[in-house]
Amino acid sequence: MNDHQLLRYSRHILLDEIGIEGQQRLLAATALVVGAGGLGSPAALYLASAGVGTIILADSDSVDLSNLQRQVLHRQESIGAAKATSGKKTLATINPEVEVEAVVARLGGEQLTRLVDRADVVLDCCDNFATRHAVNQACVRQRTPLVSGAAVRFAGQLSVFDSRRDDAPCYNCLFPEGDDVDELRCAVTGVFAPLTGIIGALQAAEALKLLTASGDPAVGRLLLFDALTLDWRSVRFARDPLCAVCAGSALRPGER
């Protein structure tokens with residue numbers, strides 16, 4: 001790191017758990033953020049400010065006036081622009097040293113596989129189960145750790161899925177695809193603005209911990225937050241031996 005970087009990231013470097021080596025890992029890392037909305041906004045802002053070298057920001061949607069209540073990555077003048085492009089512009093003002101790739105697409109298929117393969121960590125900040133399951137499947141195949149968050153009304157949740165660990169469950173272990181689960185959307189049910197900031201910032205925190213190999217990420221734990229009462233609950237869950245996605249996917253010697 002040069003003198004400018006040593007000063008910019010000095011408060012991280014002072015932390016024994018991160019230090020110079022951990023900060024260098026961040027500078028060399030690639031993070032894929034799926035969704036540039038309520039969760040992806042604070043998550044991407046903290047990843048950029050922390051110096052994650054490459055951020056791939058993917059979203060197929062455009063900025064709408066109703067987004068500005070909580071999606072802090074976007075500005076009034078961004079209305080009508082692609083969220084990924086708007087987000088890239090904002091992140092450049094936070095940390096111009098970070099390379100941001102804007103992907104204006106709803107990820108799936110080969111494109112999703114390629115981007116997950118490039119990433120050292122994936123943050124699921126989307127708002128639909130189909131994409132969540134597709135991202136989870138790609139992360140299990142590529143052995144890429146996944147940080148998943150959700151927020152609707154006053155309720156938030158967070159979990160980490162690290163398929164590099166033989167005993168770690170995946171997203172499908174917790175929420176099996178095809179289960180009869182109501183998909184609540186902010187556009188219909190509403191969402192408390194600061195809630196997305198809380199969960200999105202925690203997603204960034206877990207991603208940074210994974211990239212620097214510090215602390216104890218929330219693997220096998222589902223954190224539930226109630227913004228009305230400020231109560232947190234932590235629910236432990238295990239890998240499903242019959243999971244249609246990760247069962248029998250234990251790492252072989254030499255694999256990532």
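Side chains are part of it too, since the values below use all heavy atoms of this structure and drop only hydrogens, waters and symmetry mates. Everything quoted here is computed from the prediction, not taken from an experiment.
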Would you call the rings of Y171 and F129 parallel, tilted or perpendicular, taking 30° and 60° as the class edges? tilted

Do K88 and E99 meet the salt-bridge criterion of a basic N to acidic O distance under 4.0 Å? no

Check whether [X] and [Y] end up in the same hydrophobic cluster, where Ile, Leu, Val, Met, Phe, Trp and Tyr are linked by side-chain heavy atoms less than 4.5 Å apart.
X   : Y    : answer
Y46 : L195 : no
L39 : F154 : yes
V52 : I18  : no

Does the pair L146 and D124 meet the rule for a side chain to side chain contact (heavy atoms under 4.5 Å, CB included), with working shown? CA-CA 7 Å; L146 169 64; D124 171 14; 3.8 Å; yes

Check against side chain to side chain contact (heavy atoms under 4.5 Å, CB included), S62 and K83: CA-CA 5 Å; S62 298; K83 288 184 180 179; 5.7 Å; no

Tracing side-chain contacts under 4.5 Å among Ile, Leu, Val, Met, Phe, Trp and Tyr outward from L6 reaches M1, Y9, I13, I20, L27

For the pair E17 and T212, evaluate side chain to side chain contact (heavy atoms under 4.5 Å, CB included) and give the outcome as yes or no after the intermediate values. CA-CA 8 Å; E17 294 83 354; T212 58; over 6 Å; no

Dump the intermediate steps for side chain to side chain contact (heavy atoms under 4.5 Å, CB included) on F161 and C139, then the final yes or no. CA-CA 9 Å; F161 307 96; C139 286; over 6 Å; no

Verify the neighbour count for atom CG of D231: are there more than 12 heavy atoms of other residues, nucleotides or ligands below 6.0 Å? yes

Does atom CD (E21) have a neighbourhood of more than 12 heavy atoms from anything else shown, all under 6.0 Å? no

V72 backbone acceptor or donor facing R75 side chain under 3.5 Å: yes

Any non-hydrogen side-chain atom of D59 less than 4.5 Å from a side-chain atom of R106? no

